[in-house]
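Please read the structure below before turning to the comments.
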Amino acid sequence: MTKITAAITAVGKYVPEYVLTNKELETLVDTNDEWITTRTGIKERRILKEEGKGTSFLAIKAAEDLLQKSNLNPEEIDMVIVATATPDLMVAATAAYVATEIGAVNAFSYDLQAACSSFLYGMSTASSYIESGRYKKVLLIGADKMSSILDYTDRATCIIFGDGAGAALFEPNTEGLGLQDEYLRSDGVGREFLKIEAGGSIMPPTEETVKNRRHFIQQEGRTVFKYAVSNMADVSEKILNRNNLTKNDVDWLVPHQANNRIIEATANRVGLESEKVMVNIHKYGNTTSATLPLLLADYEKVLKKGDNLIFAAFGGGFTWGAIYLKWAYNS
Ligand code: UT7
């Protein structure tokens, strides 16, 4: 029997129109363009400004871009996963609304939350459904409206994040393309260092929690940075070794876009020249669940069938990992 692998067969993206520049951030907090550029690599990020629009708005737009480019009939989609840390509502899956709005009326859908590793973990979930033969078309969307959980008086966080969404369709492949291997990890020690304290079951919302700004994301940047650098580099090296790949076999590193210095450290560890590293952090900042699919959409034109891609991500929780995937089409 031919082995079924799970391949990405189409991608789509959406970023909101509003551009929040480093210059504008200088008017909100005590920071400057030079610090942000040298410490993170970010020049600007996109913000969804319209009131009443949540993460589903971004996710729907990215899915519609994919549908339009691929000519896919949404009724053929079996399931929709929305990877997100900023769901529309605390209860009621954003994915269910997204699926209905895009016309995926035969799909079931749910959200997946693993902070900045949400899309990476979602790739594993989507692929498992395909490899098992249970479903034929799984739409994975990474979407986050980070501006909804940012404190624009906190310079440690508000300069980093942006809003955006990307989508990828997973389908069965019999040529051996698609997901080859994964190495996914988590460690609960990390939840102290990157979190939203209030609004969950430990600390439900009160007047106090709102007054004390505890519904915003907080991070101990330096600590997260150290863990991110060592773990993203470790898993990338591990997945190469485990699959007997040398740096020459790798066509692209697809790293989570949290900080240019983390991206460079990961690339250096596996000896990859910068031409093989996907980067768009300067345009969008850290869009959490959307960084990886936004990279795929931005680089789609230069990707070739058979290219070896190494995905790596690190996020709150802590959660992190790497995935080895063979690209399945020329665009
Ligand atoms: O995606 C999920 C995972 N998240 C990450 O991977 C983020 C990881 N962390 C980082 O990327 C970095 O830690 C940050 C970009 C958040 C911060 O960069 P850093 O080089 O670690 O800075 P730091 O926190 O060590 O601060 C260095 C200095 C401090 O001043 P002193 O104490 O040396 O005088 C900060 O107060 O920079 C100061 N600083 C700023 N200055 C201007 C901190 N934030 C800013 C700012 N503008 N926005």
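Atoms within each ligand, like the ligands themselves, are counted from 1 in listed order. These numbers were taken from a predicted model, which means no experiment stands behind them. All residue numbers refer to positions in the sequence shown, counting from 1.
Scanning the protein for heavy atoms near atom 1 (O) of ligand 1, the closest one is Asn286 ND2, 2.7 Å. Residue, atom and distance of the protein heavy atom nearest to atom 36 (O) of ligand 1 are Arg155 NH2, 2.8 Å. Closest protein heavy atom to atom 39 (N) of ligand 1: Trp35 CZ2, 3.4 Å. From the protein, the heavy atom lying nearest to atom 25 (O) of ligand 1 is Arg222 NE, 2.6 Å.
Considering backbone and side-chain atoms together, Gly221 places an N or O closer than 3.5 Å to an N or O of ligand 1. When only interatomic distances are considered, the shortest N/O to N/O separation between Thr40 and ligand 1 does not fall below 3.5 Å.
Among Ile160, Asp33, Asn259, the residue whose heavy atom sits closest to atom 12 (C) of ligand 1 is Asn259. Nearest to atom 3 (C) of ligand 1 by heavy-atom distance, out of Asn32, Val224, Thr291, is Val224.
With a 4.0 Å heavy-atom cut-off, ligand 1 is reached by the backbone of Thr31 and by its side chain too. By the criterion of a heavy-atom distance under 4.0 Å, neither the backbone nor the side chain of Thr288 is placed next to ligand 1. When heavy-atom distances to ligand 1 are checked against a 4.0 Å cut-off, Val29 has no atom that comes that close, whether in backbone or side chain. Neither the backbone nor the side chain of Ile36 has any atom closer than 4.0 Å to an atom of ligand 1 (non-hydrogen atoms only).
Hydrophobic cluster of Val80: the remaining members, joined at side-chain heavy-atom separations below 4.5 Å, are Ile60, Leu66, Leu67, Leu72, Ile77, Val82, Tyr97, Val98, Ile102, Leu139, Ile141, Leu169, listed by chain and number.
Every pair passing salt bridge (Lys or Arg N to Asp or Glu O under 4.0 Å) that includes a residue from residues 171-184 is listed here, sequence neighbours excluded: Lys137-Glu171, Glu175-Lys305, Asp181-Arg242.
For the side chain to side chain contact (heavy atoms under 4.5 Å, CB included) test with Pro255, the passing option among Ile281, Thr266, Ile263 is Ile263; the others fail.
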